[in-house]
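A short write-up of the structure that comes next.
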Amino acid sequence: MSNCLFDALWDGRQAGNGQLFVHNTADNEVASVVDDKTFFSLTARIATVFTNASVSPGDRVAVQIPKSIEALAVYIACLRVGAVFLPLNTAYTEAELAYFIGDATPQLLIMDPAKQDIGERLIPAERLLTLDDSGGGSLGAAASTANEMSGAVSREASDLAAILYTSGTTGRSKGAMLTHGNLLSNSQALLEYWQFTADDVLLHALPIFHTHGLFVASNIMLLSGGRIIFQAGFSVDALLDAMPAATSLMGVPTFYTRLLADSRFTEQAAKHMRLFISGSAPLLAETHRDFEERTGKKILERYGMTETNMNTSNPYEGERRAGTVGFALPGVDVRLVDPDTQQTVAVGEVGMLQVRGPNVFAGYWQMPEKTREELLEDGFFITGDLATIDAQGYITIVGRSKDLIISGGYNIYPKELELLVDDIPGVLESAVIGVPDADFGESVLAVVIRDGSQAADALTQESVIGSLSTKLARFKQPRAVHFADELPRNTMGKVQKNKLREQLS
Ligand code: MLC
Ligand code: AMP
């Protein structure tokens with residue numbers, strides 16, 4: 001029997017010294033260790049709990065739980081039983097969760113015990129379990145007495161391992177279906193490209209409900225046999241404390257701008273580190289250069305997407321060029337096409353970036369038409385990113401054709417907000433745009449046109465943001481609201497967001 005991803009991760013662990021998670025004290029002593037044996041025993045007991053809860057291969061297991069070692073064990077337990085892991089941002093509101101649960105129809109929902117009441121409104125009680133950040137809750141209790149499942153259910157490369165929801169330009173989130181083969185091929189490619197080995201210690205400060213922290217960071221470390229310093233969230237203090245014991249960090253650009261803003265982050269502080277990787281959002285060339293000036297090291301920037309895992313990366317050995325995302329990864333084909341003619345553009349010209357390879361997802365969950373629109377018959381996926389390629393093959397992301405804001409590495413689709421803002425009494429119409437932000441790269445600005453009613457007179461920035469609070473996760477809510485007389489439109493009547501950005505940035 002073979003379960004391609006689980007078996008590979010398990011085999012990867014055999015290369016290491018048995019330690020998976022390490023916590024170090026400030027003076028670089030090992031404070032505590034979770035070894036492979038303990039971790040995999042936990043995954044095997046959680047797998048038994050899942051089987052007892054009638055989870056069958058192919059069933060979805062949705063989770064909205066805080067980051068913890070036990071939460072990562074839930075992901076591995078899903079692989080063991082052949083279930084499809086469906087992680088959800090811990091910031092999502094009940095209204096947002098209701099959509100995902102309704103769309104994905106999971107067999108099991110696992111929530112933070114603090115949100116048990118929400119869980120009970122979303123799914124029948126017998127399909128709800130809870131898990132807190134220290135392994136407590138009904139799942140933790142059941143797993144502590146469960147027998148260990150032996151091995152793992154057999155899975156093919158084409159079987160689904162996870163569904164990750166990405167917001168859609170129409171305002172409806174789409175579930176990206178990722179197979180065992182997608183996840184395994186990409187982590188193997190990255191492991192080699194970035195030269196991870198069992199000697200590596202990764203500082204893990206990303207959330208584990210997205211591709212970056214879950215698949216890129218966690219799968220690579222499991223495969224490499226290396227160790228993880230698992231932090232609950234991002235904190236400059238915690239990173240600086242742990243850095244002397246680490247070899248590598250994966251982060252979004254905000255990690256690096258915040259580190260640089262702290263005078264304790266020096267060449268000495270970064271001395272032990274062999275690799276700083278950035279992705280999920282554009283890293284300013286200026287940040288790249290400031291970082292090198294401060295530490296003597298060059299950040300390695302790569303580019304990916306939920307649907308495709310990682311596509312391109314700057315080289316490990318060669319020149320890591322500021323402002324670029326490097327070359328297509330081995331096994332991945334990238335082409336830049338003119339959106340009108342579908343012809344490949346010339347060197348230096350801007351084209352729509354399309355990507356093909358074993359990393360590219362299997363389609364959107366129950367959205368065959370959307371899948372056909374974006375995943376072409378020849379296997380290329382239309383990313384919605386605009387890019388150039390130079391004579392040496394370096395790719396630069398120069399913009400997006402999709403209407404998307406990336407704030408601190410989180411994607412926010414303006415359409416989702418505009419639909420909700422337009423529903424507020426007193427609002428005639430709205431346009432939501434991203435404006436430059438020193439910390440998050442971009443932040444959300446809502447431009448609102450009042451409708452002339454009495455309700456419109458009472459509208460304020462606070463009332464607009466307040467009326468979204470139960471509907472939208474905090475990170476998606478506008479940071480500012482601008483009231484205008486009208487929206488700039490082109491001759492087709494389409495709102496000219498570029499003009500708005502120019503006027504209001
Ligand atoms: C937190 N807040 C955000 C935010 N993160 N607002 C906008 N954008 C964000 N990214 C809100 C909080 O709710 C809070 O609101 C306020 O901002 C301040 O919070 P904070 O304490 O400063 O935030 P912090 O916890 O430090 O988080 C910032 C962050 C985090 C950058 C560390 O956002 C983060 O971990 N981002 C990484 C996201 C990620 O993993 N993306 C990968 C996607 S995969 P208030 O008002 O209540 O104070 C992908 C593919 C690929 O894109 O290529 O990798
Ligand atoms: P997500 O849908 O959350 O997976 O976000 C994917 C999007 O993030 C991509 O389509 C890009 O627009 C953006 N992205 C990821 N990495 C980079 C990068 N290094 N530079 C610029 N944009 C990036």
Side-chain angles (χ1 to χ4, degrees), residues 26 28 190 193-196 200-207 210-213 216-217 220-221 226 228-229 231 233-304 310-327 329 387-388 390 392 394-398 406-410 436-443:
N28 205 9
L190 295 172
Y193 208 72
W194 295 339
Q195 303 191 9
F196 274 88
D200 273 299
V201 182
L202 179 78
L203 261 175
H204 193 309
L206 287 160
H210 276 311
T211 297
H212 197 165
V216 183
I220 287 182
M221 293 321 291
I228 306 177
I229 300 178
Q231 301 192 328
F234 176 85
S235 133
V236 170
D237 287 347
L239 277 193
L240 290 175
D241 277 352
M243 207 169 275
T247 64
S248 45
L249 172 69
M250 294 183 193
V252 296
T254 303
F255 280 25
Y256 295 108
T257 50
R258 287 190 184 179
L259 276 171
L260 285 170
D262 196 305
S263 58
R264 294 170 301 166
F265 184 59
T266 57
E267 186 170 358
Q268 178 63 25
K271 204 176 89 189
H272 272 262
M273 300 286 284
R274 80 170 175 88
L275 190 54
F276 291 93
I277 299 173
S278 177
S280 307
L283 180 78
L284 293 178
E286 182 192 334
T287 310
H288 195 279
R289 285 193 281 268
D290 289 350
F291 195 91
E292 188 181 5
E293 214 166 275
R294 178 84 66 88
T295 64
K297 296 176 198 285
K298 280 181 184 246
I299 297 175
L300 185 155
E301 184 172 8
R302 58 54 172 186
Y303 155 78
M310 300 305 102
N311 298 316
T312 76
S313 172
N314 270 278
Y316 185 78
E317 302 281 8
E319 185 193 350
R320 297 178 196 167
R321 201 173 285 179
T324 81
V325 294
F327 310 113
L329 286 167
T388 59
D390 72 10
Q392 285 105 43
Y394 280 90
I395 296 165
T396 302
I397 308 292
V398 297
I406 304 184
S407 167
Y410 285 140
D437 182 277
D439 187 31
F440 288 136
E442 283 183 286
S443 74

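Ring geometry for Tyr256 versus Phe291: interplanar angle over 60°, hence perpendicular rather than tilted (30 to 60°).
Under the 6.0 Å distance and 45° angle rule, Arg274 counts as a cation-pi partner of Phe196.
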### Residue pair Phe234, Leu239: steps toward the side chain to side chain contact (heavy atoms under 4.5 Å, CB included) verdict
CA-CA 8 Å; Phe234 176 85; Leu239 277 193; 3.5 Å; yes
### Task
Take Ile395 and Thr324 through the side chain to side chain contact (heavy atoms under 4.5 Å, CB included) test and state the conclusion after the steps.
CA-CA 6 Å; Ile395 296 165; Thr324 81; over 6 Å; no
### Message
Determine whether Arg321 and Asp390 satisfy the following criterion, side chain to side chain contact (heavy atoms under 4.5 Å, CB included), listing intermediate values before the conclusion.
### Response
CA-CA 12 Å; Arg321 201 173 285 179; Asp390 72 10; 2.9 Å; yes
### Message
If you apply the rule side chain to side chain contact (heavy atoms under 4.5 Å, CB included), what do you find for Tyr394 with Thr388, and how did you get there?
### Response
CA-CA 8 Å; Tyr394 280 90; Thr388 59; over 6 Å; no
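Closest non-hydrogen pair, Ala281 versus Ile406, comes out as CB-CG2, 3.7 Å. Taking each heavy atom of His288 and Arg320 in turn, the nearest pair found is CE1-O, 3.5 Å. Here the closest non-hydrogen pair linking Thr295 and Ala270 is CG2-CB, 3.9 Å. Across all non-hydrogen atoms, the minimal contact from His204 to Leu206 is CE1-O, 3.4 Å. What you find for Ala246 and Leu203 is that their closest heavy atoms are CB-CG, 3.7 Å. Closest of all the heavy-atom pairs between Gln231 and Ala205 is OE1-CB, 4.1 Å.
Here Leu259 contributes atom CG and Phe265 contributes atom CZ; the two are 5.0 Å apart, rounded to the nearest 0.5 Å. Taken from CD1 in Ile299 to CD1 in Ile277, the straight-line distance is 11.0 Å, to the nearest 0.5 Å.
With hydrogens and angles ignored, the 3.5 Å screen pairs no side-chain donor or acceptor of Thr396 with any backbone N or O of Val398. A donor-acceptor pair under 3.5 Å is absent between the side-chain atoms of Thr287 and the main chain of Leu283, judged by distance alone. Between the side chain of Ser248 and the backbone N or O of Leu275 there is no donor-acceptor pair closer than 3.5 Å. A side-chain donor-acceptor contact under 3.5 Å links His272 to the backbone of Pro244. Judged purely by atom type and a 3.5 angstrom limit, Arg289 has no side-chain atom pairing as donor or acceptor with the backbone of Ala322. Between the side chain of Asn311 and the backbone N or O of Gly304, no donor-acceptor pair lies under 3.5 Å.
Glu319 and Gln392 are not linked by any side-chain donor-acceptor pair at a separation below 3.5 angstrom, with hydrogens and angles left out of the test.
Aromatic pair Tyr193/Tyr316: ring centres not closer than 6.0 Å. Aromatic rings from Tyr410 and His210 are positioned such that their centres are separated by under 6.0 Å.
Just one of Tyr303, Phe327, Trp194 meets the side-chain contact (heavy atoms from CB on, under 4.5 Å) condition when paired with Ser313; it is Trp194.
A 6.0 Å sphere centred on CD of Glu292 holds more than 12 heavy atoms belonging to other residues, nucleotides or ligands.
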